[in-house]
A.B. asks: 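Sending over a structure as structure tokens; questions will come in a sec.
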Amino acid sequence: MTTILVTGGTGTLGRHVTERLRAGGHEVRVLSRHSQPYAVDLREGGSALDAAVTGVDTIVHCATTPRGDEQAARNLIAAARRAGVTHFVYISIVGVDRVPFPYYKVKLAVERLVEESGLGWTILRTTQFHDLLVKMFQGVSKPPVMLLPARVKDQPIEVTEVAERLAELAQGAPAGRVDDMGGPEVRTFESLARSYLRATGRRRPVVKVPLGGAAYRAFRAGGHLAPEHAVGKGTFEDFLAARAGKGGGRAG
């Protein structure tokens with residue numbers, strides 16, 4: 001039986017990864033800022049992090065914060081080296097090397113830290129989760145008019161499918177940078193937004209707004225898409241229907 005540490009193990013992705021690894025018979029330690037007995041702020045590191053990593057064979061790094069991801073990765077990698085961890089699995093985002101968006105730059109920097117860590121490593125890049133699109137649409141649908149960036153597409157993917165793939169990778173040998181993982185459809189933001197409005201029973205005029213800047217141009221060019229790796233099965237409409245069935249259809 002392998003001992004696996006999942007950082008961010010209570011989050012949107014991490015909790016599903018944890019479930020799948022435990023179902024596979026592994027001992028799984030869940031690390032987050034508030035999850036006992038491994039309550040650790042990765043940005044601070046310290047003895048609590050060393051205790052969490054001691055005896056671990058594999059780390060699946062799902063934790064992320066608006067600020068401090070690079071320092072968190074440095075601390076985690078250093079602790080992994082001290083503990084003799086043999087496999088470090090990192091979840092990243094399609095397009096981090098093509099889209100000059102601030103958060104993407106951070107994810108790319110963490111990829112470089114993992115690659116240069118001296119540990120056995122695996123990196124999986126995926127397109128955006130359905131959940132993220134819903135959060136965005138919840139925000140932009142609050143005003144009377146729904147404003148969307150013009151000429152931008154997306155390729156959302158079901159988080160449980162990503163969790164399944166991450167768990168599979170974590171149970172295998174270090175594989176380096178594996179094939180990207182994209183959702184089943186490349187869709188315009190407008191079509192996705194209209195599906196969201198229908199599912200939530202809202203009526204909003206949708207207005208597409210041209211934006212400026214290098215990041216917007218890269219998104220418009222599809223730098224965050226992986227149409228050649230459209231391996232996901234669950235569509236955005238599937239996700240919305242399941243969410244409505246759980247009582248979340250009118251949230252936000």
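Computed over heavy atoms, backbone and side chain alike; hydrogens, waters and symmetry mates excluded. Here the structure is a predicted model, which is why all the values come from computation and not from measurement. Numbering of residues begins at 1 and proceeds along the displayed sequence.
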A.B. asks: Side-chain contact, heavy-atom cut-off 4.5 Å: Leu147 with Val140?
C.D. replies: no
A.B. asks: Taking the side chain as every heavy atom from C-beta outward, state whether Val162 and Val17 have any atom pair closer than 4.5 Å.
C.D. replies: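 In short, these two side chains do not touch, never coming nearer than 4.5 Å.
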A.B. asks: Is there a salt bridge (charged side-chain N to carboxylate O under 4.0 Å, His left out) between Arg125 and Asp97? Walk through the geometry before answering.
C.D. replies: CA-CA 11 Å; Arg125 292 179 181 175; Asp97 53 348; 3.2 Å; yes
A.B. asks: Could you check whether any side-chain heavy atom of Asp57 comes within less than 4.5 Å of a side-chain heavy atom of Ile4, counting everything from C-beta outward?
C.D. replies: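 Contact flag for Asp57/Ile4 side chains = no.
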A.B. asks: Which heavy atom of His87 sits nearest a heavy atom of Thr122, and at what distance?
C.D. replies: NE2-OG1, 2.7 Å
A.B. asks: Per the side chain to side chain contact (heavy atoms under 4.5 Å, CB included) rule, which among Val40, Leu31, Leu5 passes with Val53?
C.D. replies: Leu5
A.B. asks: Which pair of heavy atoms, one from Pro227 and one from Val186, lies closest together, and at what distance?
C.D. replies: CB-CG2, 4.1 Å
A.B. asks: Looking at every non-hydrogen atom in both residues, tell me the closest pair between Val85 and Val56 and how far apart they are.
C.D. replies: CG2-O, 3.6 Å
A.B. asks: Check whether any side-chain N or O of His16 sits under 3.5 Å from a backbone N or O of Val159 as a donor-acceptor pair, and report yes or no.
C.D. replies: no
A.B. asks: Run the side-chain contact (heavy atoms from CB on, under 4.5 Å) test against Ala167 and tell me which residues pass, sequence neighbours left out.
C.D. replies: Arg20, Leu21, Gln171
A.B. asks: Would you say that Lys105 contacts Pro100 through its side chain, given a criterion of any heavy-atom pair below 4.5 Å between the two side chains?
C.D. replies: yes
A.B. asks: Can you run down the side chain to side chain donor-acceptor pair (under 3.5 Å) pairs that involve residues 219-242, sequence neighbours left out, and say none if there aren't any?
C.D. replies: Arg187-Glu237, Ser195-Glu237, Thr235-Asp238
A.B. asks: State, yes or no, whether a side-chain contact exists between Met146 and Val207 at a heavy-atom distance under 4.5 Å.
C.D. replies: no
A.B. asks: Please enumerate all residues that pass side-chain contact (heavy atoms from CB on, under 4.5 Å) together with Ala23, with sequence neighbours excluded.
C.D. replies: none
A.B. asks: Please round to the nearest 0.5 Å and tell me the distance separating atom CG of Leu13 and atom CZ of Phe129.
C.D. replies: 4.5 Å
A.B. asks: Checking the side chain of Asp154 only, and the main-chain atoms of Pro156 only, is there a donor and an acceptor separated by less than 3.5 Å?
C.D. replies: no
A.B. asks: How close do Arg204 and Pro143 get, heavy atom to heavy atom, and via which atoms?
C.D. replies: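 So the minimum-distance heavy-atom pair works out to NE-O, 3.0 Å.
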A.B. asks: The criterion is side-chain contact (heavy atoms from CB on, under 4.5 Å); which residues satisfy it with Ala109, sequence neighbours excluded?
C.D. replies: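 With sequence neighbours excluded, Ala109 shows a side-chain contact (heavy atoms from CB on, under 4.5 Å) to Glu70, given in chain and number order.
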A.B. asks: For Arg194, which residues count as a salt bridge (charged side-chain N to carboxylate O under 4.0 Å, His left out) partner, sequence neighbours excluded?
C.D. replies: Glu190
A.B. asks: Kindly write out the residues that satisfy ring-ring contact (aromatic ring centres under 6.0 Å, His included) with Phe101, not counting sequence neighbours, or none if the list is empty.
C.D. replies: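 So Phe101 forms a ring-ring contact (aromatic ring centres under 6.0 Å, His included) with Tyr104, Phe219.
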A.B. asks: Establish whether Leu49 and Leu119 are linked, either directly or via other cluster members, by ILVMFWY side-chain heavy-atom contacts under 4.5 Å.
C.D. replies: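 Yes, one cluster joins them.
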A.B. asks: Has the side chain of Ser35 got a donor or acceptor atom that lies under 3.5 Å from a matching backbone atom of Ser32?
C.D. replies: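 No: the side chain of Ser35 does not pair with the backbone of Ser32.
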A.B. asks: Is the backbone N or O of Arg33 less than 3.5 Å from a side-chain atom of Asp41, with the two atoms forming a donor-acceptor pair by type?
C.D. replies: no
A.B. asks: Enumerate the residue pairs fulfilling side chain to side chain donor-acceptor pair (under 3.5 Å) with a member in residues 44-56, sequence neighbours excluded, ordered by first and then second residue.
C.D. replies: Asp50-Arg82
A.B. asks: Would you check, one step at a time, whether the test side chain to side chain contact (heavy atoms under 4.5 Å, CB included) holds for Asp69 with Tyr103?
C.D. replies: CA-CA 9 Å; Asp69 267 8; Tyr103 181 59; 4.0 Å; yes
A.B. asks: Same hydrophobic cluster for Val6 and Val89, using side-chain heavy-atom links shorter than 4.5 Å among ILVMFWY?
C.D. replies: yes
A.B. asks: Which residues satisfy the salt bridge (charged side-chain N to carboxylate O under 4.0 Å, His left out) test with Asp131, sequence neighbours excluded?
C.D. replies: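 So Asp131 forms no salt bridge (charged side-chain N to carboxylate O under 4.0 Å, His left out) with any residue.
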A.B. asks: Are Val30 and Arg22 close enough, and set up right, to give a side chain to side chain contact (heavy atoms under 4.5 Å, CB included), and what steps lead you there?
C.D. replies: CA-CA 11 Å; Val30 173; Arg22 284 179 173 159; 3.8 Å; yes
A.B. asks: Tell me every residue that passes ring-ring contact (aromatic ring centres under 6.0 Å, His included) with Phe239, counting only those two or more places apart in sequence or in another chain.
C.D. replies: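 Phe239 satisfies ring-ring contact (aromatic ring centres under 6.0 Å, His included) with His130 only.
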A.B. asks: Within this structure, what is the CE-OG distance for the pair Met136 and Ser141, rounded to the nearest 0.5 Å?
C.D. replies: 9.5 Å
A.B. asks: Locate the shortest heavy-atom distance separating Leu148 from Ala193; write the atom from each residue and the value.
C.D. replies: CD1-CB, 3.6 Å
A.B. asks: Between Thr2 (side chain) and His26 (backbone), is there a donor-acceptor pair under 3.5 Å?
C.D. replies: no
A.B. asks: Grab the two heavy atoms, one from Thr86 and one from Pro174, that are nearest each other, plus how far apart they are.
C.D. replies: O-CG, 3.8 Å
A.B. asks: Is there a side-chain contact between Leu197 and Arg202, using heavy atoms and a 4.5 Å cut-off?
C.D. replies: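 Contact flag for Leu197/Arg202 side chains = yes.
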A.B. asks: State plainly whether one hydrophobic cluster holds both Leu42 and Ile59, where clusters connect Ile, Leu, Val, Met, Phe, Trp and Tyr through side-chain heavy atoms under 4.5 angstrom apart.
C.D. replies: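 Yes: a chain of side-chain contacts under 4.5 Å links Leu42 to Ile59.
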A.B. asks: Take atom NZ of Lys153 as the centre, draw a 6.0 Å sphere, and report whether it contains more than 12 heavy atoms from other residues, nucleotides or ligands.
C.D. replies: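 No, NZ of Lys153 has 12 or fewer neighbouring heavy atoms, counting only those of other groups under 6.0 Å.
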A.B. asks: Are Leu132 and Val134 connected in a single hydrophobic cluster, I mean Ile/Leu/Val/Met/Phe/Trp/Tyr linked by side-chain heavy atoms less than 4.5 Å apart?
C.D. replies: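 In one cluster: no.
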A.B. asks: Can you name the one residue among Thr126, Leu169, Thr64 that meets side chain to side chain contact (heavy atoms under 4.5 Å, CB included) with Ile91?
C.D. replies: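 Going through the options one by one, the only one that passes is Thr126.
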A.B. asks: Surrounding CZ of Arg151 (heavy atoms of other residues, nucleotides or ligands, distance under 6.0 Å), is the total greater than 12?
C.D. replies: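 Counting other residues, nucleotides and ligands, CZ of Arg151 stays at 12 neighbours or fewer.
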A.B. asks: If you measure from CG on Leu133 to CG on Leu240, what distance do you get to the nearest 0.5 Å?
C.D. replies: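 Output value for this atom pair is 9.0 Å.
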A.B. asks: Is there a side-chain contact between Thr127 and Leu225, using heavy atoms and a 4.5 Å cut-off?
C.D. replies: no
A.B. asks: Given Ile77 and Val114, is the side chain to side chain contact (heavy atoms under 4.5 Å, CB included) satisfied, shown in steps?
C.D. replies: CA-CA 7 Å; Ile77 288 167; Val114 173; 4.3 Å; yes
A.B. asks: Thr188 versus Val152: any side-chain heavy-atom pair under 4.5 Å?
C.D. replies: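 They are not in contact (no side-chain heavy atoms under 4.5 Å apart), so the answer is no.
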A.B. asks: Determine, using the 4.5 Å side-chain heavy-atom cutoff (strictly less than), whether Leu166 and Val178 are members of one ILVMFWY cluster.
C.D. replies: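 Looking at the clustering, Val178 is in the same group as Leu166.
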A.B. asks: With rounding to the nearest 0.5 Å, note down the distance linking CZ in Arg74 to CZ in Arg43.
C.D. replies: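 It comes to 14.5 Å.
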A.B. asks: Enter the distance from Leu211:CG to Arg217:CZ here, rounded to the nearest 0.5 Å.
C.D. replies: 11.5 Å
A.B. asks: Which pairs count as ring pair (Phe, Tyr, Trp, His ring centres under 6.0 Å) when at least one residue sits in residues 41-64, sequence neighbours excluded?
C.D. replies: His61-Phe88, His61-Tyr90
A.B. asks: Just to verify, what does Tyr38 make a ring-ring contact (aromatic ring centres under 6.0 Å, His included) with, not counting sequence neighbours?
C.D. replies: none
A.B. asks: Could you give all pairs that pass the ring pair (Phe, Tyr, Trp, His ring centres under 6.0 Å) test and reach residues 168-195, with sequence neighbours left out?
C.D. replies: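 Sorted pair list comes back empty.
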